[in-house]
Each structure stands twice: as C-alpha cells, then as structure tokens.
Amino acid sequence: LVLRRYKSDDASAIYNNWASDEEVTKYLMWKAHSSQEISQSVLDEWLKDYSNEKCYHWAIVLKENGDIPIGDIGVVHMDEDVSMVHIGYCIGKAWWHQGITSEALKAILIYLFDKVDVNRIESRHDPRNPFSGKVMEKCGMKFEYQNNDEVFYHGCYHSLKYYSIFNRQ
C-alpha cells in the first residue's frame, strides 16, 4: 500500500475506480460523479489545497497496480484550537473487504498522532454502513456515540500505540 499526494492525471482513475459508483458513494456526503469532468474539477481543487502545509489528503494506491489510485483518505476537517482532526475515506468497490482501507487508516492515525501532534482524531459513518465502523474499530478507534444520522468514533493515542506495536511484527 502507498499513500501519495494526488497528481493532475489522476482524474480518470478517481472517476473509474470510485467516484462514479453509486454503491461506493451511497453513504458519503457527496453524490456519484456523472462525468470525468466533475472528477477533474474536484481533483483540481484538491491539488490547490496542497498549497496549504496543513493539507493531509492522500490517494490510496496498491503497489501491484502501479501508480493508479483506488481510493481516497484524508483530513476533511481540522479544529486547530483543540488540535482535533476528522478523517474521511472511501475506496473502490473492487477493493472492499480486503483490509486496504484499514491499513490506510491505521497509517494515517499513526502519522497524525506522531508527526502532526494532534490531540484527537474523529471519524464517523452512516449507521446503514456498518463496514465503515468495522474499519475504524480494526484500527483501534473507539465508539463514542450514535444519533439517527451518524455513528461517531475517536482515535485514542495510547490504544493505537499498543495496537500498532503488536501488529507490526
């Protein structure tokens, strides 16, 4: 697994691998892209965001697939007053249930706690999409609460460190 910054020629992969799939986007905060031009427009915004040194957004790439993105992960909200970030992610349907998203999320959690020095990491999912919650739990995130629309989790630095130590061997 490789997490890398997006490049200007990634729009086709974004569109074909996840952004145009209504099943992938069913529980996300945005609708499936109806054209590659929409994916290109979104990608252009992401590329502009890289001018901010506090932009934490990566393409998920499998080494065996070359340099082709199969998913997306990053900080979708940051509250610098309390050093808290909120993480969002998605991956193409062809790569569901293979542990790829969990591997990516775990790497991001460790990076944000160790290198960015955040105090709190949050993520949430639609209650009709329990697999997303399983990804969070697998990475050591803890259930916090649920309302009608969302299920909230948070990352715990100490449990993540413990989890990571035993899974690196």
Side-chain angles (χ1 to χ4, degrees), residues 1-81 83-126 129 131-136 138-139 141 150 153 155 160 164:
L1 180 72
V2 174
L3 300 176
R4 66 156 172 85
R5 285 184 162 208
Y6 282 95
K7 300 184 294 188
S8 59
D9 63 349
D10 285 335
S12 175
I14 292 168
Y15 179 76
N16 291 320
N17 289 341
W18 73 88
S20 64
D21 189 329
E22 291 183 6
E23 196 170 350
V24 171
T25 63
K26 183 176 184 178
Y27 301 115
L28 299 180
M29 303 293 287
W30 49 273
K31 300 268 186 223
H33 295 178
S34 58
S35 70
Q36 187 171 317
E37 289 75 25
I38 294 172
S39 295
Q40 184 65 57
S41 177
V42 170
L43 174 61
D44 291 343
E45 289 301 312
W46 292 346
L47 294 173
K48 286 180 194 173
D49 289 344
Y50 285 140
S51 65
N52 177 353
E53 68 180 27
K54 294 182 181 179
C55 176
Y56 307 104
H57 189 198
W58 299 273
I60 301 171
V61 175
L62 289 179
K63 291 178 186 178
E64 60 264 25
N65 286 5
D67 198 35
I68 300 168
I70 62 164
D72 176 82
I73 191 164
V75 171
V76 296
H77 174 73
M78 178 182 283
D79 183 339
E80 293 186 69
D81 291 337
S83 190
M84 182 277 299
V85 297
H86 185 93
I87 297 176
Y89 52 81
C90 66
I91 193 164
K93 186 170 42 180
W95 299 278
W96 285 0
H97 310 295
Q98 298 178 34
I100 297 165
T101 308
S102 297
E103 184 179 347
L105 179 58
K106 190 181 346 173
I108 298 305
L109 292 171
I110 292 169
Y111 175 80
L112 291 169
F113 278 130
D114 286 351
K115 303 295 184 196
V116 181
D117 203 28
V118 299
N119 291 324
R120 180 177 171 86
I121 298 174
E122 300 175 344
S123 196
R124 65 180 175 231
H125 69 87
D126 187 298
N129 184 14
F131 292 113
S132 191
K134 296 287 184 199
V135 168
M136 296 171 204
K138 188 174 179 182
C139 293
M141 295 185 82
E150 299 170 307
Y153 285 78
L160 180 67
S164 299

Beyond-backbone contact of [X] with [Y], side-chain heavy atoms, under 4.5 angstrom:
X	Y	result
Ile60	Leu3	yes
Arg4	Asp67	yes
Glu45	Val42	no
Asp117	Ser83	no
Cys139	Tyr153	no
Trp96	Val24	yes
Tyr56	Ile87	no
Met141	Leu109	yes

Do other residues, nucleotides or ligands put more than 12 heavy atoms under 6.0 Å from the CD atom of Glu53? no
Above 12 or not: heavy atoms from other molecules or residues under 6.0 Å from NZ of Lys134?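 Atom NZ in Lys134 is not crowded, with 12 or fewer foreign heavy atoms closer than 6.0 Å.
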I need the [X] [atom1] to [Y] [atom2] distance, nearest 0.5 Å.
X	Y	atom1	atom2	result
Ile100	Leu105	CD1	CG	13.5 Å
Tyr50	His57	OH	NE2	6.0 Å
Gln98	Leu62	CD	CG	7.5 Å
Lys93	Ile70	NZ	CD1	14.5 Å

Where [X] and [Y] come nearest, the two heavy atoms and their spacing:
X	Y	value
Ser123	Tyr89	OG-CE2, 4.0 Å
Trp18	Ile91	CB-C, 4.2 Å
Val118	Phe113	O-CD2, 3.5 Å
Ala32	Glu22	CB-CG, 3.7 Å

Is a side-chain N or O of Ser41 found less than 3.5 angstrom from the main chain of Glu37, in a donor-acceptor match?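 Here the side-chain-to-backbone pair does not exist.
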Examine distances only and state if a side-chain atom of Asn17 and a backbone atom of Pro69 form a donor-acceptor pair shorter than 3.5 Å.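 Judged by distance alone, yes, a pair lies under 3.5 Å.
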Assess, by modelled atom type and distance only, whether the side chains of His86 and Asp79 contain a donor and an acceptor separated by less than 3.5 Å. no
Assess the residue pair Asp10 and Trp46 against the criterion (side-chain contact (heavy atoms from CB on, under 4.5 Å)); give the C-alpha distance rounded to whole Å, side-chain angles, the decisive distance to 0.1 Å, and a yes or no. CA-CA 11 Å; Asp10 285 335; Trp46 292 346; over 6 Å; no
Between Glu122 and Arg124, is the closest basic N to carboxylate O distance under 4.0 Å? no
Determine, using ring centers only, whether Phe131 and His97 are less than 6.0 Å apart. yes
